[in-house]
Asker: 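Take this structure, written in structure tokens, and hold onto it; I'll ask about it next.
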Amino acid sequence: MNVTVETDVLIVGAGPAGLSAALFLSEYGVENVVVEKYRWLSNTPRAHITNQRTVEILRDMGLEEAVIEKATPQNLMGDQSFCVSLAGEELGRLRTWGTHPSRKADYDLASPSRICDLPQDLFEPILLTGAASRGTKIRFDTEYLSLEQDEDGVTATVRDRASGETYGIRARYLLGADGGRSKVAEDIGLPMEGRMGIAGSMNIVLRADLSRYVAHRPSVLYWVLQPGSDIGGIGMGLVRMVRPWDE
Ligand SMILES: Cc1cc2nc3c(=O)[nH]c(=O)nc-3n(C[C@H](O)[C@H](O)[C@H](O)COP(=O)(O)OP(=O)(O)OC[C@H]3O[C@@H](n4cnc5c(N)ncnc54)[C@H](O)[C@@H]3O)c2cc1C
């Protein structure tokens with residue numbers, strides 16, 4: 001194997017786990033390289049509710065301002081609403097995310113930082129910038145294929161998806177942050193428990209001005225209940241705010 005790269009920690013996957021690991025390792029001066037199969041980061045909103053403790057940790061990393069600038073603030077995260085449709089009957093609201101007045105004081109007193117809502121496709125570039133500016137080397141279009149472990153470390157074989165060439169990366173440690181279908185976990189024989197694929201799911205990103213349906217009852221999650229509409233899933237649809245109130 002043609003080993004062309006050497007590092008202390010090789011991180012497979014540039015999702016939230018891999019990029020956070022890279023950020024913190026670089027902050028502590030541990031050399032690291034990230035390989036990511038695709039040419040860029042998440043292209044859909046995915047994870048979003050960003051807990052107070054997470055924002056606090058990002059504050060330590062000097063990234064809180066960048067997060068606040070992009071995120072929807074706590075006061076607009078509001079209630080969780082239950083309805084038969086966005087334009088139809090509302091069934092109820094549940095105060096969440098520390099927005100109830102009697103809970104908000106607990107949140108305010110607990111930390112200088114605030115819970116917020118930051119879609120994953122906006123969050124990942126912030127983590128990436130933080131990691132890369134501290135020294136992380138990122139290789140996009142680079143797919144992890146296999147690993148060989150010995151007493152001193154690990155040699156991974158990766159493929160450059162742009163050129164098709166394979167090469168080796170030698171590291172003292174390899175961190176598998178390659179998501180729920182992790183090939184790293186499979187290759188090292190980590191046992192998985194539970195059943196996969198128990199329900200269907202479909203995600204649609206839409207842009208439209210929805211303010212007349214939702215601006216008066218701010219929330220990041222509108223649960224749509226229509227009894228009988230339970231094909232392949234949990235019988236509930238979810239209209240999730242990505243950006244207030246038009247995405
Ligand atoms: C449509 C959708 C909606 C979601 N909504 C929410 C939500 O509302 N709230 C919430 O908390 N969570 C949500 N999630 C889940 C959330 O996205 C995941 O929990 C989170 O992304 C996991 O982070 P991760 O870093 O462990 O893995 P991932 O984000 O999956 O990142 C793994 C990375 O590894 C890369 N990779 C995989 N294999 C290889 C390989 N062989 N070589 C190199 N790179 C590789 C992948 O391309 C990917 O970039 C949602 C997920 C999806 C798909």
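Ligands are counted one by one from 1 in listed order, and the atoms in each one are counted from 1 as well. Heads up: numbering here begins at 1 and tracks the sequence.
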Asker: So is Y38 polar-close to ligand 1, meaning N/O to N/O under 3.5 Å?
Answerer: no
Asker: What closest approach, in Å, do L41 and A14 show between heavy atoms, and which atom pair accounts for it?
Answerer: CD2-O, 3.6 Å
Asker: Have a look at ligand 1 and work out which part of A177, if any, has a heavy atom under 4.0 Å from it: side chain, backbone, both or neither.
Answerer: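 Only the backbone of A177 comes within reach of ligand 1.
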Asker: Could you find the nearest protein heavy atom to atom 42 (N) of ligand 1 and give me its residue, atom name and distance?
Answerer: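 The closest one turns out to be Y144 N, 2.9 Å.
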Asker: Check each heavy atom of I49 against ligand 1 and say whether those closer than 4.0 Å belong to the side chain, the backbone, both or neither.
Answerer: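 Contact part for I49 vs ligand 1: neither.
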Asker: Touching ligand 1 at all, L41? Heavy atoms, strictly under 4.0 Å?
Answerer: no
Asker: Look at the side-chain heavy atoms of Ile, Leu, Val, Met, Phe, Trp and Tyr, link any pair under 4.5 Å apart, and say whether I57 and F123 land in one connected group.
Answerer: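 Same hydrophobic cluster.
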Asker: Distance to 0.1 Å, residue and atom name: give those for the protein heavy atom nearest to atom 23 (O) of ligand 1.
Answerer: P16 CD, 3.4 Å
Asker: Among all protein heavy atoms, pick out the one at the shortest distance from atom 34 (O) of ligand 1; state its residue, atom name and that distance to 0.1 Å.
Answerer: G13 CA, 3.2 Å
Asker: What I want to check is whether the side chains of E56 and S111 have a donor and an acceptor closer together than 3.5 Å.
Answerer: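 Yes, side-chain donor-acceptor contact under 3.5 Å.
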Asker: Among L19, L58, L63, L23, find the residue that satisfies the side-chain contact (heavy atoms from CB on, under 4.5 Å) test when tested with I126.
Answerer: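 Only match with I126 under side-chain contact (heavy atoms from CB on, under 4.5 Å): L63.
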Asker: For a 4.5 angstrom cut-off between non-hydrogen side-chain atoms, does L122 reach R243?
Answerer: yes
Asker: Could you find the nearest protein heavy atom to atom 44 (N) of ligand 1 and give me its residue, atom name and distance?
Answerer: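 So the nearest neighbour among protein heavy atoms is K37 N, 3.1 Å.
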Asker: Could you tell me whether V12 and ligand 1 have an N or O pair separated by under 3.5 Å?
Answerer: no
Asker: Between CD of E143 and CD of E36, what distance do you get to the nearest 0.5 Å?
Answerer: 10.0 Å
Asker: Atom CZ of R170 and atom CG of D8: how far apart are they, to the nearest 0.5 Å?
Answerer: 11.5 Å
Asker: Where's the contact between Q120 and ligand 1, heavy-atom distance under 4.0 Å: side chain, backbone, both or neither?
Answerer: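 For Q120, the contact with ligand 1 is made by the side chain alone.
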Asker: Which protein non-hydrogen atom lies closest to atom 49 (O) of ligand 1, naming both residue and atom, and how far is it?
Answerer: E36 OE1, 2.6 Å
Asker: Answer yes or no: is there an ion pair linking E90 with R217, defined by an N-O contact shorter than 4.0 Å?
Answerer: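 Judged by the 4.0 Å cut-off on N to carboxylate O distance, E90 and R217 do form a salt bridge.
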Asker: Just to confirm my output: which protein heavy-atom neighbour is closest to atom 53 (C) of ligand 1, and how far is it?
Answerer: R46 CD, 3.9 Å
Asker: Has K183 got any heavy atom lying under 4.0 angstrom from an atom of ligand 1?
Answerer: no
Asker: Tell me yes or no: between the side chains of D121 and S42, is some donor less than 3.5 Å from an acceptor?
Answerer: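 S42 and D121 do not have a side-chain donor-acceptor pair below 3.5 Å.
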Asker: Provide, to 0.1 Å, the distance between atom 9 (N) of ligand 1 and the closest protein heavy atom, together with that atom's residue and name.
Answerer: A47 CA, 3.4 Å
Asker: Specify the protein heavy atom at minimum distance from atom 25 (O) of ligand 1: its residue, its atom name, and the distance to 0.1 Å.
Answerer: A17 N, 2.8 Å
Asker: Could any protein non-hydrogen atom be found less than 4.0 Å from atom 18 (C) of ligand 1?
Answerer: no
Asker: Side chain to side chain contact (heavy atoms under 4.5 Å, CB included) with S20: which residues, sequence neighbours excluded?
Answerer: F24, L127
Asker: Hey, what do you get for CD1 (I11) to CG (D178), rounding to the nearest 0.5 Å?
Answerer: 12.0 Å
Asker: Quick one: look at N203 and ligand 1, take heavy-atom pairs under 4.0 Å, and tell me if it's side chain, backbone, both or neither.
Answerer: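 The part of N203 near ligand 1 is the side chain, not the backbone.
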